Amino acid sequence: MKKKLILLVLVVVIAAGAGLVLPNKISKIGKENTITSSQLEKAIDISQLSTAEFVYNGVAEKKNENSPEDVDCYIAYDANVKVGINMEDVKFKIDEEKKTVTPILPKIEINIATLDENSISYIPKNPDLSLKEVITLCKEDAINEANTSDKLYETAEENLQSVIQALLAPILEHEGYSIQW
């Protein structure tokens, strides 16, 4: 019973502390009555953000070193490629008169390319290749395929806009601003 009482008091103290701190954070912006680019950059302060994932079942080719037009073997694999941005590179153009904020987004790039090593198979079987070479060939192939996928980058940009909208909406709406894309 004593432990439950202590736990209840602790929960009430934490809730009261949050009730005092959170409104203070929002009111700091309200005191200035304007939004600054640096405030918005702090609000979305996330380092890397992956906004889309490309799942690829591919076949990489190991070219012959002496005759590059010939293929020594084919390597079937499964890979995941994630694209996104570094959120620190997002900047904002603010129009005080119209009360609009225009995010200036960096180029979406590949963040991570991972290979499912258990999915690798070779044609012909058991070629004379190191695992490191196989992984490099497969990752390069997956990245090249991802780079040619317009849909991947379109999806990533739509998701990025949704994330920025969700992160900034409470701040902007409080001050009467809107996001303009």
Side-chain angles (χ1 to χ4, degrees), residues 35-95 98 100-172 177-181:
I35 299 287
T36 66
S37 184
S38 63
Q39 288 171 324
L40 298 177
E41 289 167 14
K42 286 179 186 174
I44 63 166
D45 190 15
I46 304 169
S47 60
Q48 287 288 334
L49 176 67
S50 293
T51 55
E53 183 174 357
F54 180 77
V55 178
Y56 183 63
N57 305 89
V59 178
E61 298 177 344
K62 168 60 174 118
K63 301 284 186 174
N64 186 300
E65 291 178 17
N66 298 327
S67 178
E69 63 276 354
D70 294 334
V71 176
D72 284 342
C73 76
Y74 296 93
I75 308 162
Y77 64 92
D78 296 334
N80 288 336
V81 178
K82 293 182 181 180
V83 297
I85 64 164
N86 185 339
M87 291 292 276
E88 294 173 352
D89 296 336
V90 175
K91 302 299 177 205
F92 298 95
K93 181 180 172 189
I94 301 170
D95 186 335
K98 295 179 183 177
T100 60
V101 173
T102 305
I104 301 166
L105 306 176
K107 182 181 176 198
I108 294 172
E109 297 178 342
I110 293 175
N111 288 345
I112 302 170
T114 57
L115 180 68
D116 179 3
E117 294 177 20
N118 294 325
S119 70
I120 297 173
S121 62
Y122 307 94
I123 303 170
K125 293 273 187 199
N126 301 321
D128 186 23
L129 296 172
S130 70
L131 182 59
K132 182 178 179 179
E133 185 177 10
V134 168
I135 291 171
T136 300
L137 286 169
C138 294
K139 280 187 177 183
E140 286 174 359
D141 186 66
I143 289 170
N144 289 337
E145 284 295 321
N147 281 329
T148 62
S149 174
D150 292 335
K151 186 66 176 167
L152 173 68
Y153 286 92
E154 288 171 21
T155 301
E157 187 164 342
E158 289 171 7
N159 292 344
L160 176 58
Q161 289 178 359
S162 295
V163 167
I164 289 175
Q165 181 80 31
L167 290 171
L168 296 182
I171 296 168
L172 296 178
Y177 284 78
S178 63
I179 291 184
Q180 180 180 10
W181 295 104

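Bear in mind the structure is a predicted one, so any value in this text is a computation, not a measurement.
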Quiz item: Sub-3.5 Å donor-acceptor pair from the side chain of Tyr77 to the main-chain atoms of Ala142, do we have one?
Solution: yes
Quiz item: So, Ser119 side chain and Asp116 main chain: donor-acceptor pair closer than 3.5 Å or not?
Solution: yes
Let me confirm one number: the [atom1]-[atom2] distance from [X] to [Y], rounded to the nearest 0.5 Å.
X      : Y      : atom1 : atom2 : value
Cys73  : Asn64  : SG    : CG    : 10.5 Å
Tyr153 : Ile110 : OH    : CD1   : 4.0 Å
Asn159 : Gln161 : CG    : CD    : 9.5 Å
Tyr56  : Asn144 : OH    : CG    : 9.5 Å
Glu61  : Asp72  : CD    : CG    : 11.0 Å
Ile143 : Phe54  : CD1   : CZ    : 11.0 Å

Quiz item: Does anything in residues 145-170 pair up under salt bridge (charged side-chain N to carboxylate O under 4.0 Å, His left out), and if so which pairs, sequence neighbours excluded?
Solution: none
Is any side-chain heavy atom of [X] less than 4.5 Å from a side-chain heavy atom of [Y]?
X      : Y      : result
Glu109 : Val83  : no
Ile164 : Leu105 : yes
Pro103 : Ile179 : yes
Val101 : Ser178 : no
Gln180 : Asp95  : no

Quiz item: So Val59 and Ile123, side chain to side chain contact (heavy atoms under 4.5 Å, CB included) or not? Walk me through it.
Solution: CA-CA 10 Å; Val59 178; Ile123 303 170; over 6 Å; no
Self-check item: Qualifying residue for side-chain contact (heavy atoms from CB on, under 4.5 Å) with Leu115, from Asp141, Asp78, Ile120
Solution: Ile120
Self-check item: Pairs flagged by side chain to side chain donor-acceptor pair (under 3.5 Å) wherever residues 127-140 is involved - sequence neighbours left out
Solution: Lys62-Glu133
Self-check item: Atom of Gln165, atom of Trp181 and distance for their closest heavy-atom approach
Solution: OE1-NE1, 3.8 Å
